[in-house]
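Working notes for the structure below.
As the structure lists them, so they are numbered: ligands from 1, and atoms in each ligand from 1. Note that the coordinates shown come from a computational prediction; the quantities given were computed from them, not determined experimentally. Any value given below was found using the heavy atoms of this structure, including those in side chains, with hydrogens, waters and symmetry copies removed.
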Amino acid sequence: MKRTKIKDILANEASDYKVTVKGWVRSFRNNQFIALNDGSCMGNIQVVISLDTDESVVKNITTGASISVDGTVIASLGKGQRVEVKADTITILGTCDAEQYPLQLKNRPSLEYLREIAHLRFRTNTFGAVFRVRHTLAYAIHKFFNDRGFVYLHTPIVTASDAEGAGEMFKVTTLPFDNAPHNEDGTIDFKEDFFGRATNLTVSGQLEAELGAMAFSEVYTFGPTFRAENSNTARHLAEFWMIEPEVAFNDIYDNMDLAEDLLKYVIGYTLEHNREDLEFLAQRLVDEEKQKPMNERSDMPLMEKLEFVLNNKFERITYTEAINILLESPAYKKKKFQYDVSWGIDMQSEHERYLVEKHFKKPVIVTGYPKEIKAFYMRQNDDGKTVAAMDILAPGIGEIVGGSQREERLDKLTQRMHEMHIPAEEMYWYLDTRKFGTVPHAGFGLGFERMVLFVTGMTNIRDVIPFPRTPKNAEF
Ligand code: 4AD
Ligand code: MG
């Protein structure tokens with residue numbers, strides 16, 4: 001018989017029908033009651049086996065084993081479930097040695113421990129919920145853009161350009177490390193390399209997305225992004241996924257509206273479609289917060305936080321206003337910040353979190369950053385000091401979105417590239433857009449894992465991507 005998903009059985013009002021269910025045993029009680037999970041939803045189906053089931057089968061029904069059950073869905077007599085499956089036949093698909101199975105542990109394993117067994121952690125309730133939510137978020141993002149007529153553009157992963165100019169790139173090469181060919185001046189001769197030039201893993205698809213926007217008007221990318229920054233924090237990955245819309249004819253205000261709409265849409269979509277997972281994660285967060293000192297606990301439970309963000313307009317302030325708020329803050333006056341505050345600084349996460357968590361208590365969009373701390377492509381404001389940049393700061397996360405209106409004026413752009421020592425000749429293809437029918441345009445990058453962190457209430461970015469890549473860690 002064709003397999004029925006556990007989710008469909010639990011969602012179905014009916015009973016007294018035949019099914020085949022397959023999954024992994026979560027627990028086995030009294031040699032009679034199996035809690036079976038197939039990952040289609042949080043819930044397990046209770047399978048009741050008859051007391052005369054063959055001993056050779058019964059002994060293999062252990063936590064972690066995979067089984068197939070033919071039986072009948074019946075109204076449950078026991079408490080805790082509406083329906084259960086009365087088994088006719090049970091087939092063991094794969095045994096599981098309980099002595100060796102890491103998830104057999106009776107106590108709830110810590111997230112740190114589960115990170116070490118990331119190949120098995122999908123099978124826990126927490127990671128089941130996290131990755132179902134991650135899936136829904138990805139789908140909702142595509143749906144948001146598709147519904148608005150954007151073209152999904154695949155930008156290259158191997159590239160010769162450094163969009164952000166931060167020099168945090170992983171090199172891609174086929175040259176032998178111990179015997180690389182050299183030029184006369186001692187530098188590596190990349191002409192002999194696979195691509196005939198130096199290449200790296202992309203830090204952003206933005207520059208290529210801009211080329212697409214100059215034809216389709218609205219495009220977005222959604223792909224893997226790599227940064228070799230050595231920041232071993234709970235918010236940084238060396239390999240993460242980024243969503244980068246780029247829109248012709250948009251200015252910085254349209255850009256803010258688009259980003260705010262996107263975040264609200266995907267939160268709303270997930271609240272609608274993953275209620276059970278989110279409620280589980282909300283409870284997990286409550287339990288986790290109980291372990292923390294009072295002053296470190298978040299003010300709002302997860303569901304309330306998501307509803308709140310959905311229903312309230314994001315605060316919009318300029319960088320200059322943000323700095324003034326920080327300078328006026330009790331935290332600054334009492335010297336609570338580790339890093340100093342003055343106009344021109346690249347705000348540290350303690351500053352960003354003060355603004356969103358203590359001062360505004362909601363997401364904040366900051367615009368008009370000093371040009372010195374932002375990338376070359378951002379549109380220069382008339383004051384000569386700031387650029388039309390925007391960062392969205394989210395409670396508990398800090399920066400979740402970074403973007404800007406782009407410099408569409410060829411002379412201003414080449415002048416800025418010159419000032420920042422960016423070789424204009426190599427970027428001729430980018431500059432061509434400014435020569436051939438340039439238009440005002442704007443875009444942003446949303447860090448996908450930071451979005452997943454925000455929606456799931458998880459606190460470490462390593463727990464929202466299946467197999468995290470971080471400094472000294474590329475297991476699995
Ligand atoms: O602010 P960033 O560096 O912006 C760009 O790359 C632009 N090219 C985007 C654009 O305008 N099209 O990165 C964008 C977002 C950040 O706000 C953050 O959410 C995420 O990407 N991000 C990271 N997420 C996880 N690990 C890292 N190491 C990240 N670096 C950036
Ligand atoms: Mg940024």
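Applying the ring-ring contact (aromatic ring centres under 6.0 Å, His included) rule to pairs touching residues 226-267 yields Phe144-Tyr265, sequence neighbours excluded.
Protein atoms of type N/O/S that fall under 2.8 Å from the Mg ion (ligand 2) number 1 in this view.
With values rounded to the nearest 0.5 angstrom, Asn255 atom CG is found 6.5 Å from Asn250 atom CG.
Taking all atoms of both residues into account, the shortest heavy-atom contact from Asn44 to Ala35 is ND2-CB, 3.9 Å. Across all non-hydrogen atoms, the minimal contact from Val203 to Met242 is O-CE, 3.7 Å.
Taking 4.0 Å as the cut-off between side-chain N and carboxylate O, Arg406 and Asp251 do not count as a salt-bridged pair.
Checking side-chain atoms of Arg26 against main-chain N and O of Arg123 turns up a donor-acceptor pair under 3.5 Å. Checked by atom type and distance alone, the side chain of Tyr319 pairs as donor or acceptor with a backbone atom of Gly344 at under 3.5 Å.
Phe454 does not carry Arg450 over the face of its six-membered ring by the limits of under 6.0 Å from the centre and within 45° of the normal.
Near ligand 1, heavy-atom contacts under 4.0 Å come from Glu164, Ser204, Gln206, Arg227, Glu229, Arg235, His236, Leu237, Phe240, Met242, Glu244, Tyr377, Glu399, Ile400, Val401, Gly402, Gly403, Arg406, Gly443, Phe444, Gly445, Gly447, Arg450, Ile461.
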Name each donor-acceptor pair under 3.5 Å that joins a side chain in residues 384-402 to protein atoms two or more places apart or in another chain, with its distance.
| from | atom 1 | to | atom 2 | distance (Å) |
| --- | --- | --- | --- | --- |
| Thr386 | OG1 | Asn381 | ND2 | 2.9 |
| Thr386 | OG1 | Asp383 | OD1 | 3.1 |
| Thr386 | OG1 | Asp383 | OD2 | 2.7 |
| Asp391 | OD1 | Lys374 | NZ | 3.4 |
| Asp391 | OD2 | Tyr369 | OH | 3.4 |
| Asp391 | OD2 | Lys374 | NZ | 3.3 |

